[in-house]
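Notes to accompany the following structure.
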Protein chains: 2
Amino acid sequence: MQRMQICPRFERAVEILSKRWTTLIVYQLLEGPQRFVAIENSLTNLSSKVLSERLKELEEEGIIERTVYPEKPVRIEYALTSKGQELAPLMEQISEWSTKWIELPSESDDLQSDKSKTE
Amino acid sequence: MQRMQICPRFERAVEILSKRWTTLIVYQLLEGPQRFVAIENSLTNLSSKVLSERLKELEEEGIIERTVYPEKPVRIEYALTSKGQELAPLMEQISEWSTKWIELPSESDDLQSDKSKTE
DNA sequence: ATTTTCACTTACTTTATGTAACCTATAATA
DNA sequence: TATTATAGGTTACATAAAGTAAGTGAAAAT
């Protein structure tokens, strides 16, 4: 009666990637190495608390690398490793699927909902 | 100073897919339409509570479809819609990436950790 | 008559995430 | 010189999401 179990590697990958913010952080880093505040500013509503947690997790997973440049005030950059870079095709699939299937509330809808508050 | 914002469709897709269990449920349904208990049994540690929540969410998103077959005792099946089926290439990418980059604790490691409890 | 299966739901606990303030160091501004 | 700003975080507390366990109702098998 039991069906074939899901591949444990697949399960692990999903476990890593589907924590909140993780995929978006990786996606953002596909643009190139970035500093803490740059990532923070690019992702609306992501707090520094969770960002620092996620960066640590991603580093432990070998998906990103943290580099300290010992300049006048130190500069710290986060960059994808090869393991991280190779998530690009996956991101591309999310992108394609979302382009085809996700519809956004239009700006006129937003105006509607603003109006509805006063109704 | 602000960099380009992440595409809102991409963000939405990630929001939908990265809730816990969601991706695994969709992956499981790629095998074909399935009943509640079949999905439940295929995903270790997924409780009926969360499964029923996720199925409702996925149905609202138009990713799965719930069909009631009015047999002697009714049979209820969950199946992917086209929107859901077209997540297959994404799943394939997760699968490829995980095959290349995820290493699993071997069974001997498991024995190790069992031993370590008694040390 | 009792137990089992399916498809869930409810009450309660634990974990994860969000919010806001704070910290240390350096640098820029008044 | 004193104040404010920026980078890269951490801490304490509040809320939301997920896990756990038990229960429900209808039908079916034992």
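Reminder, nothing fancy here: chain letters follow the sequence lines and each chain counts from 1.
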Can you measure [X] atom [atom1] to [N] atom [atom2] for me and round it to whole angstrom units?
{"X": "K72(A)", "N": "dA27(C)", "atom1": "NZ", "atom2": "P", "answer": "8 Å"}
{"X": "Y69(B)", "N": "dA27(D)", "atom1": "OH", "atom2": "P", "answer": "21 Å"}
{"X": "Y78(A)", "N": "dG8(D)", "atom1": "OH", "atom2": "C1'", "answer": "7 Å"}
{"X": "L43(A)", "N": "dG18(C)", "atom1": "CG", "atom2": "P", "answer": "12 Å"}

Can you tell which of [options] lies closest to the side chain of [X]?
{"X": "K56(A)", "options": "dT9(C), dT10(D), dA18(D)", "result": "dT10(D)"}
{"X": "W21(B)", "options": "dC8(C), dG19(D), dG8(D)", "result": "dG19(D)"}
{"X": "R20(B)", "options": "dA18(D), dT17(C), dA7(D)", "result": "dA18(D)"}
{"X": "F36(A)", "options": "dT20(D), dG18(C), dG8(D)", "result": "dG8(D)"}
{"X": "P73(B)", "options": "dA28(D), dG9(D), dT17(C)", "result": "dA28(D)"}
{"X": "V50(B)", "options": "dA7(D), dG19(D), dC6(C)", "result": "dG19(D)"}

R66(B) side chain N/O closer than 4.0 Å to the phosphate oxygens (OP1, OP2) of dC8(C)?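 Yes, within the criterion.
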Counting distance alone, no hydrogens or angles: does the base of dT9(C) have a donor or acceptor under 3.5 Å from a partner atom on the side chain of S52(B)?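 Answer no: no donor N or O sits under 3.5 Å from an acceptor.
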Looking at the base of dT9(C), is there any donor atom on it, or on the side chain of S48(B), that sits under 3.5 Å from an acceptor on the other one?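 Answer is yes: a donor-acceptor pair is held.
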Which part of the nucleic acid does K19(A) contact within heavy-atom distance under 4.0 Å: base, sugar-phosphate only, or nothing?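 Since only primed, P, OP1 and OP2 atoms lie under 4.0 Å of K19(A), the category is sugar-phosphate.
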Just call it for K49(B): base, sugar-phosphate, or nothing, with non-hydrogen atoms closer than 4.0 Å on any strand.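 Answer is base: heavy atoms of K49(B) come under 4.0 Å of a base.
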Count the heavy atoms belonging to other residues, nucleotides or ligands that lie under 6.0 Å from CD of E103(B), then report whether that count exceeds 12.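 Counting other residues, nucleotides and ligands, CD of E103(B) stays at 12 neighbours or fewer.
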Are E86(A) and W101(B) close enough that a side-chain donor and a side-chain acceptor fall under 3.5 Å?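 A pair is found: one side chain offers a donor N or O, the other an acceptor, under 3.5 Å apart.
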Q28(B) and Q34(B): side chain donor to acceptor below 3.5 Å: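 The answer is yes; a qualifying pair exists.
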Please identify which of these residues, T67(B), I39(B), I25(B), meets the side chain to side chain contact (heavy atoms under 4.5 Å, CB included) condition with Y78(B).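 Of the listed options, the one satisfying the test is I39(B).
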Please tell me whether V37(A) and L46(A) are part of a single hydrophobic cluster in this structure, the criterion being side-chain heavy atoms less than 4.5 Å apart.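 No, V37(A) and L46(A) fall in different hydrophobic clusters.
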